[in-house]
Amino acid sequence: MSADAGSLGERVALVTGGSRGIGRAIAIELARCGARVVFAYRSNLEAAEQTQKRIQEIGGSAWAVRCDVADLAAVEELIASILREHGRLDIVVNNAGIARDQLIMRMKPEDFDAVLATNLRGTWNVCRACARPMLKARTGRIINLSSVVAGSGNAGQTNYSAAKAGVEALTRSLARELGSRGITVNAVAPGLIETDMTRELSPQRLEGLQAQIPLGRLGSIEDVARAVRFLASDDADYITGQVLRVSGGLG
Ligand code: NAP
């Protein structure tokens with residue numbers, strides 16, 4: 001077992017979008033380090049059950065809850081149920097996200113709104129709902145998933161890159177609001193990671209993007225999960241309002 005196992009003690013962590021991809025790896029990593037993990041998913045029950053099973057197999061604790069992060073009332077109920085069940089909430093990872101890529105002339109207004117609703121408003125909803133219990137506890141860790149395109153921009157992603165730039169600005173503002181109460185707020189900005197989201201890219205686009213990565217390979221979901229675990233741990237006590245790129249140098 002690695003030296004990090006157990007480093008999160010009995011802390012309670014919420015990971016949104018934990019049924020698949022990066023969120024699943026984060027949920028597993030936090031559970032491996034001793035956290036009691038609650039993860040939210042939108043609709044894919046089968047994938048959520050797989051994550052839960054993987055965590056139970058390593059002797060961890062996991063609770064899967066269906067919750068659309070774009071729905072503030074549902075998010076408030078989720079946070080309330082975590083507090084009822086576990087009595088505390090120490091770590092929140094805003095990972096749930098979607099992409100609806102298209103060049104602007106072809107992008108439908110609904111695709112712009114859907115991406116903003118999940119990626120930006122969803123992050124804000126969860127931050128708002130978890131702020132009160134964290135302020136009361138005078139401790140907490142909030143980690144928001146951004147993307148390198150927040151800084152670089154990307155053709156075909158006017159909706160997605162705008163949402164992620166918003167997530168980074170939200171992260172910096174909230175870090176200023178909550179810092180005096182011992183709560184840190186940071187973002188992790190992955191580059192190109194192998195998940196369902198990137199499997200939708202054409203082989204030509206993928207090849208072109210891979211050629212721009214200094215480390216020469218796509219990232220793994222575990223690469224991102226380890227960075228999130230670091231920001232959730234005591235080792236990151238004095239880090240807030242930052243964006244940590246996990247991109248192999250891309251961006
Ligand atoms: P993914 O494989 O497509 O998984 C998305 C996850 O989010 C699923 O668990 C999904 O639940 C959940 N989700 C989507 N909409 C939701 C909603 N409204 N409410 C609650 N849960 C919702 O995505 P991923 O590639 O792992 O990406 C995870 C995060 O990293 C996202 O924020 C993404 O923008 C960011 N990111 C990814 C990459 C990359 O290369 N993959 C790069 C940069 C940033 P269901 O299973 O129920 O659908």
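When a residue number appears, it is its place in the shown sequence, counting from 1. Keep in mind it's a predicted model, so treat the numbers as computed, not measured. Atoms within each ligand, like the ligands themselves, are counted from 1 in listed order.
At under 3.5 Å, not a single nitrogen or oxygen of A47, backbone or side chain, sits near a nitrogen or oxygen of ligand 1. For ligand 1, the polar-atom distance check against G17 finds a nitrogen or oxygen pair separated by under 3.5 Å. Considering backbone and side-chain atoms alike, D68 places an N or O below 3.5 Å from some N or O of ligand 1. Checked against a 3.5 angstrom limit, the closest N/O atoms of S19 and ligand 1 fall inside it. Polar contact check, S147 against ligand 1: no nitrogen or oxygen pair lies under 3.5 Å apart. For a threshold of 3.5 Å applied to N or O pairs, the pair formed by I193 and ligand 1 contains at least one separation below that value.
Evaluated by nearest non-hydrogen atom to atom 5 (C) of ligand 1, the leading choice among G97, G21, A64 is G97. The closest heavy-atom contact to atom 47 (O) of ligand 1, among the options A40, S43, A27, G122, comes from S43. Nearest-residue assignment for atom 44 (C) of ligand 1 (options A70, S146, S247; heavy-atom criterion): S146.
Within ligand 1, counting atoms from 1 as listed, the ones closer than 4.0 Å to a heavy atom of C67 are 19 (N), 20 (C). Shown in contact with N44 at under 4.0 Å from a heavy atom are these atoms of ligand 1, numbered in order with element: 45 (P), 46 (O), 47 (O). Listed by number with element, the atoms of ligand 1 under 4.0 angstrom from any heavy atom of L192 are 40 (O). Interface atoms of ligand 1 facing I98, defined by a heavy-atom separation under 4.0 Å, are 14 (C), 15 (N).
If you run side chain to side chain donor-acceptor pair (under 3.5 Å) between T171 and each of T240, T123, N144, only N144 comes through.
Residues R100 and E200 are not paired through a salt bridge, judged by the lack of any N-O separation under 4.0 Å between the basic side chain and the carboxylate.
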**Report entry** Stepwise side-chain contact (heavy atoms from CB on, under 4.5 Å) check, S7 with D234
**Finding:** CA-CA 8 Å; S7 63; D234 292 346; over 6 Å; no
**Report entry** Derivation of the salt bridge (Lys or Arg N to Asp or Glu O under 4.0 Å) call for D113 and K108
**Finding:** CA-CA 9 Å; D113 291 343; K108 296 193 183 94; over 6 Å; no
Requested in this report: Report the C-alpha distance between L192 and L206 in whole Å, list the side-chain angles of each, state the deciding distance to 0.1 Å, and finish with yes or no for side-chain contact (heavy atoms from CB on, under 4.5 Å).
Outcome: CA-CA 9 Å; L192 211 54; L206 210 53; 4.1 Å; yes
Report task. Check the pair E57 / K53 against salt bridge (Lys or Arg N to Asp or Glu O under 4.0 Å), numbers first and verdict last. Result -> CA-CA 6 Å; E57 278 167 4; K53 191 164 160 246; 3.8 Å; yes
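Atom 25 (O) of ligand 1 has as its closest protein heavy atom T195 OG1, 2.6 Å. The nearest heavy-atom contact from the protein to atom 42 (C) of ligand 1 is G191 O, 2.9 Å. The protein non-hydrogen atom at the shortest distance from atom 35 (C) of ligand 1 is Y160 OH, 3.7 Å. The protein non-hydrogen atom at the shortest distance from atom 19 (N) of ligand 1 is V69 N, 3.0 Å. I22 N, 2.8 Å is the protein heavy atom nearest to atom 26 (O) of ligand 1. Atom 23 (O) of ligand 1 has M197 CE, 3.8 Å as its closest protein atom, hydrogens excluded (heavy atom only). Ranking protein heavy atoms by distance to atom 3 (O) of ligand 1, first place goes to R20 NH1, 3.5 Å.
In this structure, A189 has no heavy atom closer than 4.0 Å to ligand 1. Contact between N95 and ligand 1 is present, with at least one heavy atom of the residue lying under 4.0 Å from the ligand. Residue-ligand proximity: K164 is placed with a non-hydrogen atom under 4.0 Å from ligand 1. Within the structure, ligand 1 lacks G219 among the residues with a heavy atom less than 4.0 angstrom away. Using a non-hydrogen distance threshold of 4.0 Å, A99 does not register as a contact of ligand 1.
At least one donor-acceptor pair closer than 3.5 Å links the side chain of R141 to the backbone N or O of S233.
Counting heavy atoms from C-beta on, the side chains of S220 and E194 never come closer than 4.5 Å. Contact check for K164 versus E168: no side-chain heavy atoms found under the 4.5 Å cut-off. For the pair N186 and L244, the minimum side-chain heavy-atom distance is 4.5 Å or more. Between V228 and L231 the shortest side-chain heavy-atom distance does not fall below 4.5 Å. A heavy-atom distance below 4.5 Å is found between the side chains of I82 and W63.
The hydrophobic clustering, which links ILVMFWY residues whose side-chain heavy atoms are closer than 4.5 Å, places V15 and I221 together.
The minimum heavy-atom distance linking M134 with I91 is given by the pair CE-N, 4.2 Å.
Qualifying salt bridge (charged side-chain N to carboxylate O under 4.0 Å, His left out) partners for R138, counting only residues two or more places apart in sequence or in other chains: none.
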